[in-house]
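Each remark here refers to the structure printed beneath this line.
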Amino acid sequence: AKCYLSVENIKEAEKYYLKALEFDQNDKIVINNLLILYLRIGSYNKIENFYNKAKALDLNYLEFRLNESEYFLFKGDIEKAIKILNSIIVESKNYFAYKKLAKIYLMMNDNRKATEIIEQALIIYPNKRDLKVNRGIIYLTEGDFDKGWEFYEYRKSIVNDESFENIKIWKGENLTDSNLLVTCEQGMGDVLQFSKFLMNLSPICKKIDFCLYDKLIPIYKKKINNINVCKKSEIINNNYDYRISLGSLNKFFYKENNFQSSELLNLKNNLAEKHSSIMDNQKRNIGLIWSGNFFGPKEPYRSIELKNFQKLLKLDLNFYSFQNEIWDRDKNFFQNSNIVDYSQKSFSDIIAIIQNLDLVISTDTFFLHLSCIVNKETWGLISFNADWRWYDYYKYNPYESLKIYKQSENRNWDSVIDLIYSDIKNKFSILFNFNLIKQIVEIHNFLFERKKISSIYQQQFNGGVAQLVRARDS
């Protein structure tokens, strides 16, 4: 189960935890593992069931107390969660308690208190990279980029891949005669956003091999100038003078907003034309992405429960989804909704579909970045405690096609949804009016056929309808 959880396979992890539970229904380790798993995916009924089981078995068990803080956080009782973690810290100086407590204060946008907790923990655990990265993220959020980039380099993901450990890390040396390997180690949205920095790197380097995730290979050009886009299997035997992680290019080029990631993408016009011909253009077509990866940063707070979009989905519009993870809390609503599911489409097809949409509405996910990079009008739903890239960093790296709707209160999306609903009605008001006009046209045709309306009046009426059609299409 832990192996499957480590590769983010929730279904298989759950299956094997439940199999383990068959050996002993009172195994508190397994029960607490299931509790934290269900908290992660937001499975309401199962959370309550396993919380009560874990509490009944051993309410003083450390793992349960840590999980209990997550439980109360999930329930919205932040003060209770803080109280539990503080008591654990007083008793045992537990590393995970410090980490969870700092996370809560970050969620509340209380950077001062989060910093205080992290600094306390670093005295006891000076070698914990996670603490240093979180300190760096606070610096980045506050716009102190010099200190931020320094601590950002403690990311565990940089050192996890031992394949390239013998290659020297580039720290700004002259690259005129050098071959450079650029690797990926963060989420796919990060790759999309940061890959534009390869274009800044290109003129100062002899050759660049960009080792890309296999899933993203089809949407990138194979070669751009002296940049080669490669799978890991293609570059394993090549010789390099230096290597660097894509995310680490930020500290060198984050202020140089003179390139776009779209220059690297393989935008296939024939696919865009294909999807244009099969989409329903009688209504406006809207992409809707409401949640991200279960294991993504800032989850579950940057995602929105699908039922919150209920009144939006009642509008006379076509809605399309691309996300391949539907949280337990959303499954029933999603299956009974009018949302067209395109989650099984390839990324190349999804790009083509996005190009044919009238608008994309998305939380902070891969698809938000993808939509912006192909220059589609995008409305971004950004959480109260947003990722560091939506603060001062965004001033240097904005998306031209993005309109940001920022949550004003932690865990409350009501005002954001209300504003989206109002704006989308205003944006497509001519269309909604036209649908009413269509019904009036049918009545007039019915009356004209029965000679209740003169032919001259009918011609004038048809001319007015034609004008409305042209207005809608423009």
- Member of Trp390, Tyr391, Tyr396 meeting the ring-ring contact (aromatic ring centres under 6.0 Å, His included) criterion with Tyr394: Trp390
- Cation over ring face, Lys99 and Phe96, 6.0 Å, 45°: no
- Query: Do Lys215's NZ or CZ and the ring of Tyr213 fall within the cation-pi criteria of under 6.0 Å and 45°?
  - Reply: no
- Do Lys132's NZ or CZ and the ring of Phe151 fall within the cation-pi criteria of under 6.0 Å and 45°? no
- Taking atom NZ of Lys251 as the centre, report whether more than 12 heavy atoms of other residues, nucleotides or ligands fall under 6.0 Å from it. yes
- Message: Tell me whether Ser348 contacts the main-chain N or O of Ile219 through its side chain, where contact means a donor paired with an acceptor under 3.5 Å.
- Response: no
- Query: Given Arg389, which of Thr141, Asn397, Asp190, Asp364 fulfils the side-chain hydrogen bond (donor to acceptor under 3.5 Å, both in side chains) condition?
  - Reply: Asp190
- What about the rings of Phe145 and Tyr139, do their centers lie closer together than 6.0 Å? no
- Does atom CD of Gln25 have more than 12 heavy-atom neighbours, drawn from other residues, nucleotides or ligands, at distances under 6.0 Å? yes
- Name of the residue among Lys283, Arg284, Gln282 meeting side-chain hydrogen bond (donor to acceptor under 3.5 Å, both in side chains) with Asp316: Lys283
List, one per line, each side-chain donor-acceptor pair under 3.5 Å for residues 56-66, sequence neighbours excluded.
residue, atom, partner, partner atom, Å
Asp58, OD1, Asn60, N, 3.1
Asp58, OD1, Tyr61, N, 3.2
Asp58, OD2, Lys28, NZ, 2.9
Arg65, NH1, Glu91, OE1, 2.8
Arg65, NH2, Ser87, OG, 3.1
Arg65, NH2, Glu91, OE1, 3.4
Arg65, NH2, Glu91, OE2, 3.3

- Item | Tyr152 six-ring face occupied by Arg155 cation (under 6.0 Å, within 45°) | yes
- Query: Does Lys427 come within less than 4.0 Å of Glu377, counting only side-chain N to carboxylate O?
  - Reply: yes
- Message: Determine whether Lys15 and Glu12 satisfy the following criterion, salt bridge (Lys or Arg N to Asp or Glu O under 4.0 Å), listing intermediate values before the conclusion.
- Response: CA-CA 5 Å; Lys15 182 176 84 173; Glu12 290 298 303; 3.2 Å; yes
- Query: How would you list, by chain and number, every residue that makes a ring pair (Phe, Tyr, Trp, His ring centres under 6.0 Å) with Phe72, sequence neighbours excluded?
  - Reply: none
- Query: Which residues satisfy the ring pair (Phe, Tyr, Trp, His ring centres under 6.0 Å) test with Phe334, sequence neighbours excluded?
  - Reply: Trp290
- Output, in order, the C-alpha distance, side-chain angles, deciding distance and verdict of salt bridge (Lys or Arg N to Asp or Glu O under 4.0 Å) for Arg411 and Glu409. CA-CA 6 Å; Arg411 301 184 66 166; Glu409 182 184 348; over 6 Å; no
- Only pairs at least two apart or in different chains count here, so list each side chain to side chain donor-acceptor pair (under 3.5 Å) that has a residue in residues 73-86. Glu48-Lys75
- Message: Suppose we screen for ring pair (Phe, Tyr, Trp, His ring centres under 6.0 Å). Which residues come up paired with Tyr393, at least two apart in sequence or across chains?
- Response: Trp388
- Item | N-O pairing of Asp423 and Lys403 below 4.0 Å | yes
- Message: With ring-ring contact (aromatic ring centres under 6.0 Å, His included) as the criterion, how do Phe347 and Phe366 come out once you've worked through the C-alpha distance, each side chain's angles and the decisive distance to 0.1 Å?
- Response: CA-CA 11 Å; Phe347 284 153; Phe366 165 80; 5.0 Å; yes
- Query: With distance as the sole test, does Asn109 use its side chain to make a donor-acceptor pair with the main-chain N or O of Phe384 at under 3.5 Å?
  - Reply: yes
- Results of ring pair (Phe, Tyr, Trp, His ring centres under 6.0 Å) for Tyr125 - residues two or more places apart only: Tyr95
